[in-house]
2 protein chains.
Amino acid sequence: MLKGTLQTIILKLLEDNNRMYGYEITQKVKELTTGEIMLTEGALYPALHKLEADGSLETFTEVVDGRARKYYRLTEQGGDEVKSKLSEAQAFIDQLQLLLNLKPIVK
Amino acid sequence: MLKGTLQTIILKLLEDNNRMYGYEITQKVKELTTGEIMLTEGALYPALHKLEADGSLETFTEVVDGRARKYYRLTEQGGDEVKSKLSEAQAFIDQLQLLLNLKPIVK
DNA sequence: TCTACATACATAAGAAAATTATGTATGTAG
DNA sequence: CTACATACATAATTTTCTTATGTATGTAGA
């Protein structure tokens with residue numbers, strides 16, 4: 001029901017960190033959630049590609065220690081996108097909390 | 001990413017309300033979330049059928065004002081299922097909040 | 001040296017879940 | 001008699017995620 005959660009997480013991390021590469025994102029999420037949320041590559045990379053195709057992210061490649069890293073950075077449009085996705089996610093989470101914490105209805 | 005949210009909402013409502021029928025569930029969710037979450041029939045009915053097939057819900061039909069209502073009620077297994085789904089959802093929401101509320105990292 | 005594991009990217013096949021579009025049928029209000 | 005609300009249901013499509021692969025390099029240990 002909460003669509004685009006992965007995209008929202010990616011955008012938020014890039015808002016806070018300026019530039020990150022895919023593998024780094026998986027490790028950061030794993031670290032921040034103490035292993036409770038593990039991003040799979042099969043979900044992450046297509047999501048990154050889509051965000052780039054949509055114009056929210058831009059990329060540049062650097063070779064570090066002989067391995068290529070594809071860095072992602074927010075575009076200006078991406079900056080707007082984060083704000084809108086974050087408030088959307090918050091609104092949904094708030095409503096969900098409301099529904100799931102319901103007290104029994106006493107008749 | 002949060003799979004089974006709709007099922008969790010349904011199960012929680014039935015835990016609080018003992019018995020409900022499909023249309024009633026859509027109206028209750030709409031009312032509680034002031035229209036922010038609207039369940040579509042195409043999602044709701046298949047979800048109810050699946051929960052029944054899984055043994056979490058049982059049904060009985062009543063005719064009210066000439067219209068048939070198919071009521072759903074939690075089974076004992078469904079009662080266990082609610083608890084487990086609720087704590088799973090809460091854990092996920094907590095981690096998501098953590099990720100989405102991150103402060104910028106000052107370097 | 002060879003093996004295992006971590007780093008780093010990517011795609012394809014399939015499953016799961018939702019949206020959108022229909023369809024049936026009855027009651028009520030104008 | 002028309003429109004809208006009530007009440008259920010399914011089919012087609014789309015979206016999103018999981019699982020399974022595949023390539024390639026660096027590092028640590030046996």
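Letters A, B, ... are given to chains in the order of the sequence lines, protein chains preceding strands, and every chain is numbered from 1.
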Asker: What is the distance, rounded to the nearest whole Å, between atom CG of L39(B) and atom C1' of dA18(C)?
Answerer: 11 Å
Asker: So E62(B) and R19(B), do their side chains get closer than 4.5 Å, heavy atoms only?
Answerer: yes
Asker: Map Q27(B) and A47(A) onto DNA chain D by nearest heavy atom, then report which one ends up closer to the 5' terminus.
Answerer: Q27(B)
Asker: Which of these, Q77(A), Q7(A), E76(A), sits in a side-chain contact (heavy atoms from CB on, under 4.5 Å) with S56(A)?
Answerer: Q77(A)
Asker: Determine, stepwise, if the pair R69(A) / E24(A) fulfils side-chain contact (heavy atoms from CB on, under 4.5 Å).
Answerer: CA-CA 10 Å; R69(A) 286 181 183 173; E24(A) 185 185 11; over 6 Å; no
Asker: Pairing check on dA25(C): which nucleotide meets the Watson-Crick or G-U wobble criteria with it, both distances under 3.5 Å?
Answerer: dT6(D)
Asker: Could you give the CE-to-P distance, from M38(A) to dT18(D), as a whole number of Å?
Answerer: 11 Å
Asker: Indicate the ring-plane relationship of Y71(B) and Y21(B), choosing parallel, tilted or perpendicular according to the 30° and 60° boundaries.
Answerer: perpendicular
Asker: Do the side chains of I25(A) and L48(A) get nearer than 4.5 Å, heavy atoms only?
Answerer: yes
Asker: Just the rounded figure in Å: distance from P of dT18(D) to CG of L44(A).
Answerer: 11 Å
Asker: Using the rule side-chain hydrogen bond (donor to acceptor under 3.5 Å, both in side chains), only one of K70(B), R73(B), E52(B) pairs with T59(B); which is it?
Answerer: E52(B)
Asker: For dT19(D), give the paired nucleotide (Watson-Crick: N1-N3 plus N6-O4 or O6-N4; G-U: N1-O2 and O6-N3; both under 3.5 Å), or none.
Answerer: dA12(C)
Asker: Output the rounded distance in Å from CG (D65(A)) to P (dA6(C)).
Answerer: 17 Å
Asker: Within the side chain of T8(B), is there an N or O that forms a donor-acceptor pair under 3.5 Å with the backbone of L86(B)?
Answerer: no
Asker: If I take atom CG from residue L13(A) and atom CG from residue L99(B), how far apart are they, to the nearest 0.5 angstrom?
Answerer: 6.5 Å
Asker: Does dG30(C) pair with anything, Watson-Crick or G-U wobble, both distances under 3.5 Å, and if so, with which nucleotide?
Answerer: dC1(D)
Asker: Any carboxylate oxygen within less than 4.0 angstrom of a Lys/Arg side-chain nitrogen, looking at K85(B) and E88(B)?
Answerer: no
Asker: Atom pairs under 3.5 Å, N or O on each side, protein against nucleotides 2-4 of chain D: can you list them with distances?
Answerer:
none

Asker: Sugar-phosphate means primed atoms, P, OP1 and OP2; the rest is base. With that split, encode nucleotides 8-14 of chain C 5' to 3' as B, S or - using protein heavy atoms under 4.0 Å.
Answerer: SBBBB--
